[in-house]
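Labels below follow one simple rule: chain letters A, B, ... track the order of the sequence lines, proteins then strands, and each chain is numbered from 1.
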Protein chains: 2
Amino acid sequence: MSLPAAIPTAAVVTAAKRSKPRLGRPRSFNREQALDAAMHVFWRQGYEGASLTALTAAMGINRPSLYAAFGDKAGLFREAVAHYGTGPGRYIRRALGQPKARQVAEMLLRGAVATATDPANPNGCLWVQGALVASAEADPIRTEMMALRNAGTAQVHDRLERARREGDLPAATDVQALTLFLVSVMNGIAVQASSGRSREALNNVVDLALKVWPA
Amino acid sequence: MSLPAAIPTAAVVTAAKRSKPRLGRPRSFNREQALDAAMHVFWRQGYEGASLTALTAAMGINRPSLYAAFGDKAGLFREAVAHYGTGPGRYIRRALGQPKARQVAEMLLRGAVATATDPANPNGCLWVQGALVASAEADPIRTEMMALRNAGTAQVHDRLERARREGDLPAATDVQALTLFLVSVMNGIAVQASSGRSREALNNVVDLALKVWPA
DNA sequence: CCCGGAAGATACCGTTCGGTACGGATAAGG
DNA sequence: CCTTATCCGTACCGAACGGTATCTTCCGGG
């Protein structure tokens, strides 16, 4: 199936982003695949706990290749966090797109459980445990992650506020409080998953949390 | 969410050493005070993020003094965690001693908020953010903290199960699920406090969480 | 009053950290 | 073919890591 020239494919766009025409020796590893491996290391060990040695070993590349492709450790982490958003954290965007607030909440909570307990991934949530605390020198990264979490919370808030305006939630709903409750339970689930709790046990937590839901 | 008695090692050893007749030059710093300072550093930066340089600077002592008094970094951390249990985390033991399950829950949640947002302390909870993830070499510490959290959860479970047997909670109550819900909300509150949420906002979360309470 | 013994201070240990210089390898363009 | 531009691999950098040897300082008991 071919596309009109006016709508460039992803490959074309990526090629365009490479400012220079393709010259020299081509990269011998898959960038996306290496990024995915790095994401898993950050997920399991956190930003500071993930050493360059552990990262390059998991990615199957050498240090200079890593630096050429991702800038530095912080850049790699940022890309890994973004990659998480389009991968394991994808459920959030899908949840926010649900038609009813109750469905939004349920998908957020079930998705948090499913992602944080997926046996194919490290336990927990990268956005929570990637840099919850940090040494003084890594504090900028910690601050970025804080802002990221808070931006996500703001999106949930906007979605629920819209639901309230639409009559999908009672007009008297304290959207601020409901949002923070929802996100807090998601975060708590992430911590508990990181502590080894089973998917079934955490889904029972979701059942209880949803009993709070208005209307 | 556990109690200091869970890891008695370092404190007991040091206490035993203290029982001998005091000879030689007396210690010129207050051990408890230094431990408290160390706790704050671990609280803010995590186990791995807290360097010996940062620790000794905050404690106002030199490295050899630290090693003489606390063994090594891991030992200092364990003592700091225990110290947290008798200090900022004291509310947990008091909560478990309340006569009614509902009061237990409320004190656990309010205490979590109060401690995690105390302006005199770092934001969040040491038991959550002290070692939620770790590098391979610090993994034993992470595992200890995991066990500590799970032991605390077990204590809450026992308390609620007792309440159920006493008729304080409905006989049909799923204590396992209720416990995990309670602890998850506490953990979520800790994460949100670490992200800068205000005490007021988090107390609204507690209000919502308590609506789940049976009977 | 001196001497045993523990604490404090300095200066250092080997290792690992994040990050890079450099030279050989490998493709496309001419 | 040769040039050119990029990538890979090795080997290394200074700094910071956790931890310690050593010497000086100071107190209590004889």
Cationic tip of A/R93 above A/Y91 ring, under 6.0 Å, 45° of axis: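 Checked: cation-pi criterion not met.
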
A/F77: partners by ring pair (Phe, Tyr, Trp, His ring centres under 6.0 Å), with sequence neighbours left out: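 Expected list: A/F42, A/Y47.
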
Nearest whole angstrom, please: distance from the [atom2] of [N] to the [atom1] of [X].
X     : N      : atom1 : atom2 : result
B/L55 : D/dA16 : CG    : C1'   : 14 Å
B/Y47 : D/dG18 : OH    : C1'   : 9 Å
A/L23 : D/dC2  : CG    : P     : 18 Å
B/L66 : D/dC17 : CG    : C1'   : 14 Å
B/L52 : D/dT20 : CG    : P     : 10 Å
A/M59 : D/dC7  : CE    : C1'   : 15 Å
A/R27 : C/dA25 : CZ    : C1'   : 17 Å

Polar side chain donor-acceptor pair, B/S198 to B/E200, under 3.5 angstrom: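 Yes, B/E200 and B/S198 have a side-chain donor paired with an acceptor closer than 3.5 Å.
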
Full working for side chain to side chain donor-acceptor pair (under 3.5 Å) between B/Q176 and A/N204: CA-CA 9 Å; B/Q176 194 84 34; A/N204 290 337; over 6 Å; no

Contact state string [nucleotides 9-16 of chain C, B base, S sugar-phosphate only, - no protein heavy atom under 4.0 Å]: BB------

Closest contact, heavy atoms only, A/A138 versus A/E48: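 In terms of heavy atoms, the two residues are closest at CB-OE2, 3.2 Å.
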
Closest contact, heavy atoms only, A/W127 versus A/G85: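 Heavy atoms of A/W127 and A/G85 come nearest at CZ2-CA, 3.7 Å.
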
Close approaches to DNA chain C from residues 68-81 of chain A, in residue order (heavy atom, under 4.0 Å):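 Contacts with DNA chain C under 4.0 Å: A/D72, A/K73.
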
Candidates C/dG5, C/dA25, D/dG18 - which lies nearest the side chain of B/R25: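 Output: C/dG5.
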
Ionic contact status for B/D72 with B/R78, cut-off 4.0 Å: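 So B/R78 does not pair with B/D72 through a salt bridge.
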
Sugar-phosphate, base or nothing in reach of B/A50, heavy atoms under 4.0 Å: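 Sugar-phosphate contact only - B/A50 comes under 4.0 Å of backbone atoms but never of a base.
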
Flag if over 12 foreign heavy atoms under 6.0 Å of CZ, B/R199: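 Above 12, so yes.
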
N/O (side chain, A/Y67) to phosphate O (OP1/OP2, C/dG19) under 4.0 Å: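 Yes, within the criterion.
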
From CA spacing to verdict: side chain to side chain donor-acceptor pair (under 3.5 Å), A/R63, A/T53: CA-CA 8 Å; A/R63 275 157 198 256; A/T53 302; 2.9 Å; yes

